[in-house]
Amino acid sequence: MPLFQSLPGFREFYPEALARRNHLFRLWRQTALTFGFVEYDAPVLEPLELYKAKSGEEIEQQLFSFTDKGGREVVLRPELTPTACRMVGAKANALKRPIKWFNIGEFYRYERAQKGRERSFSQLNADIFGEAGVEADIELIALLVQCLTAFGLTEQDFQVRLSDRDLWCYYLEALGLDEARVRALLVAIDKHERLGDAAFKNYADQFGPLDAVLKGKILAFLQIKSLPQIETALKPFSGGKLDARIADWRRLLDGLAAMNLARFVEVDLGVVRGLAYYTGFVFEAFDRKGDLRALAGGGRYNDLVKKLGGPDLPAAGFAIGDVTMGLLLEQRGLMPAFINAPDVCVAYDGEAGRLAAFPDIQTLRAAGVRVEYPLKELAFGKQLKAALESGAKLALIYGGDELARGVVKLRDLTERHEREVPREQVPAAVRDFLTGA
RNA sequence: GCGACCGUAGCUCAGUCGGUUAGAGCACCAGAUUGUGGAUCUGGGUGUCGCGGGUUCGAUCCCCGUCGGUCGCCCCA
């Protein structure tokens, strides 16, 4: 039993686990790059104020915060959005538009771990700054979908639920509610799926019981699952803001349809997202079987850059977490098995065989081929067994008989057959084999 | 922060109605093995029975506390 343990909720990545995580990171990064997003990085430790300013003080209990040796109140970052807003805000005038940034990093929260949640977790964050139109929202949702389909997930596995805080605000205003009531109702709407009627308790405590007719309208609006339903519900209120918003919706959905993404996206006004800083379209990706928590979430936060002291810069973004994503890929059998496998395993006979193999090993490695060989000589049976268990596709055999004849055996570990190749042709033969030539 | 359940080897677990030196399978290590496939055989236990205290002649077992884990609540970035 080890004397020291890692801190609760903090994850250690043994090679196999890290290979799985790297698999996620690699495809996320590749996908974000293909969408023209550029990668940046940011501090892991931030001043407490950065999050207090935005989220209110009660969130502090969820923050991994402490006082540093200089007496500063600091936080292990719980999310990237405020940091990104600060960075972009500071140089907004110098940055080429559109600003499409992504980052892959680790985040922290001080909380009891549970399924799909740890105290440390990694996320892909992707954001677009400086574009107020639905073009940015389309781009982000398209990236989100491809960040999931890149792993082999399909519309059978997940869906993106799309909603709109602006639409909710405009609708509730049209029903005659003031700003404070609207804000309280958005919280209730966010909780309604989980809590049902109890979601309205906080509102009732604050403003008294919700009028039954009003509540009926809100509950009906919350069930909406399509644009035509939105249009029908809003007919009595037709006018400037609402009409323009419906036009935004149409352009958003038309754009997604033209990208052939309609099958992944479902209108669902029951989603509004808990965080106060969201302003317009919001979306969440869910496992369709529904036994996991959200895979990803995001939306528009047009006011945040300014609130954090920057210019008035519209923005939208999303994040995908590695924990739920990893669970889903495991469940669907989409996590590759031999991620750490070498391309080639060498087996050799004695010191002479070892030395004969070394030049080829060096040449192949220099060419980017992953080559493994036993550091200490083992019986051939064991060497080949180890080669097979490693997941390598090819074994190179430097035996005494072969070397005496100036050849090396290439053994196809999958097909179980082998052929001899003149020693000087080994690197070329290996490359041909690996490229399928 | 709250609640429920759990804690014996790297993993899955057995065990002791409280009794001497704590077990199995898998995994791992070494050898049989000086040339060919997940095999077989031999050898190896790799352990502070989570930790601390209490009860007891004696505690891995019973009691209390604590730490850790799992799941849920709160919250969800």
Side-chain angles (χ1 to χ4, degrees), chain A residues 1-11 14 16 46 50-51 54-56 58-64 75-85 105-125 127 187 190-191 193-195 198 202 271-278 282 284 291 293-299 301 304 317-321 323-324 345 347-353 376-392 395-404 408-418:
Chain A
M1 200 59 61
L3 213 47
F4 297 103
Q5 301 183 334
S6 65
L7 289 166
F10 282 83
R11 296 177 296 166
Y14 285 80
E16 205 178 305
E46 291 281 15
L50 183 63
Y51 306 101
K54 182 211 79 193
S55 316
E58 88 275 12
I59 207 102
E60 197 178 331
Q61 148 189 3
Q62 316 270 21
L63 293 177
F64 209 111
V75 181
L76 284 169
R77 60 183 182 188
E79 59 165 327
L80 193 61
T81 307
T83 304
C85 287
E106 192 165 46
F107 300 86
Y108 310 87
R109 95 185 95 207
Y110 196 83
E111 255 213 321
R112 290 293 293 269
Q114 52 184 294
K115 190 174 186 185
R117 296 181 74 173
E118 305 283 345
R119 280 188 173 177
S120 69
F121 54 97
S122 296
Q123 288 188 339
L124 164 73
N125 275 267
D127 297 273
V187 173
D190 179 46
K191 295 185 181 199
E193 184 170 30
R194 284 198 308 274
L195 302 182
N202 253 328
V271 174
V272 297
R273 309 219 16 98
L275 268 191
Y277 60 63
Y278 285 113
V282 291
E284 295 188 339
D291 47 25
R293 41 182 76 241
L295 285 163
Y301 48 96
L304 193 56
F318 71 86
I320 313 178
V323 180
T324 300
C345 269
Y348 56 79
D349 183 13
E351 188 66 9
K376 283 182 184 169
E377 190 185 357
L378 295 168
F380 261 75
K382 286 205 170 177
Q383 294 193 52
L384 288 168
K385 182 179 162 184
L388 196 74
E389 287 173 349
S390 78
L396 296 181
I397 301 173
Y398 292 78
D401 299 345
E402 290 85 350
L403 291 174
V408 171
K409 267 186 187 156
L410 270 64
R411 184 170 181 88
D412 183 329
L413 292 168
T414 314
E415 301 296 322
R416 293 185 166 219
H417 60 64
E418 58 191 27

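Below, all heavy atoms of this structure are taken into account, side chains as well, without hydrogens, waters or symmetry copies. Naming: A, B, ... by sequence-line order, numbering from 1 per chain. In this text, all values refer to a predicted model and were calculated from it rather than measured experimentally.
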Nucleotides 32-35 of chain B: which of its N/O atoms have a protein N/O under 3.5 Å away?
residue, atom, partner, partner atom, Å
G35(B), N7, D349(A), OD2, 3.3
G35(B), O6, G400(A), N, 2.3
G35(B), O6, D401(A), N, 2.6
G35(B), O6, E402(A), OE1, 3.0
G35(B), N1, E402(A), OE1, 2.4
G35(B), N1, E402(A), OE2, 3.0
G35(B), N2, E402(A), OE2, 2.3
G35(B), N2, K409(A), NZ, 3.3

Please tabulate, one pair per line, each protein N/O and nucleotide N/O from nucleotides 39-44 of chain B that are separated by under 3.5 Å, including the distance.
residue, atom, partner, partner atom, Å
A39(B), OP2, K385(A), NZ, 2.8

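Remark: E118(A) engages no residue in a salt bridge (charged side-chain N to carboxylate O under 4.0 Å, His left out) (not counting sequence neighbours). Take K409(A) and apply the side chain to side chain contact (heavy atoms under 4.5 Å, CB included) test, not counting sequence neighbours, and it matches I397(A), E402(A), E418(A), E420(A). By the salt bridge (charged side-chain N to carboxylate O under 4.0 Å, His left out) test, R11(A) is found to be paired with D322(A), residues two or more places apart in sequence or in another chain being considered. A search for salt bridge (charged side-chain N to carboxylate O under 4.0 Å, His left out) contacts involving R273(A) returns E284(A), not counting sequence neighbours. Shown here are the side chain to side chain contact (heavy atoms under 4.5 Å, CB included) partners of R117(A), two or more places apart in sequence or in another chain: R109(A), E111(A), Q114(A), R293(A). Residues satisfying the side-chain hydrogen bond (donor to acceptor under 3.5 Å, both in side chains) test with Y398(A), not counting sequence neighbours, are D360(A). Here E16(A) pairs with R20(A) under the side chain to side chain contact (heavy atoms under 4.5 Å, CB included) rule; sequence neighbours left out. Here S6(A) pairs with E12(A) under the side chain to side chain contact (heavy atoms under 4.5 Å, CB included) rule; sequence neighbours left out.
Taking a pair as Watson-Crick or G-U with both hydrogen-bonding distances under 3.5 Å, the stems of three or more pairs touching RNA chain B are B:1-7 with B:67-73, B:10-13 with B:23-26, B:28-32 with B:40-44, B:50-54 with B:62-66.
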Whether each nucleotide of nucleotides 1-6 of chain B has a protein heavy atom under 4.0 Å at its base (B), only at its sugar-phosphate (S) or at neither (-) is summarised, 5' to 3', as BBB---
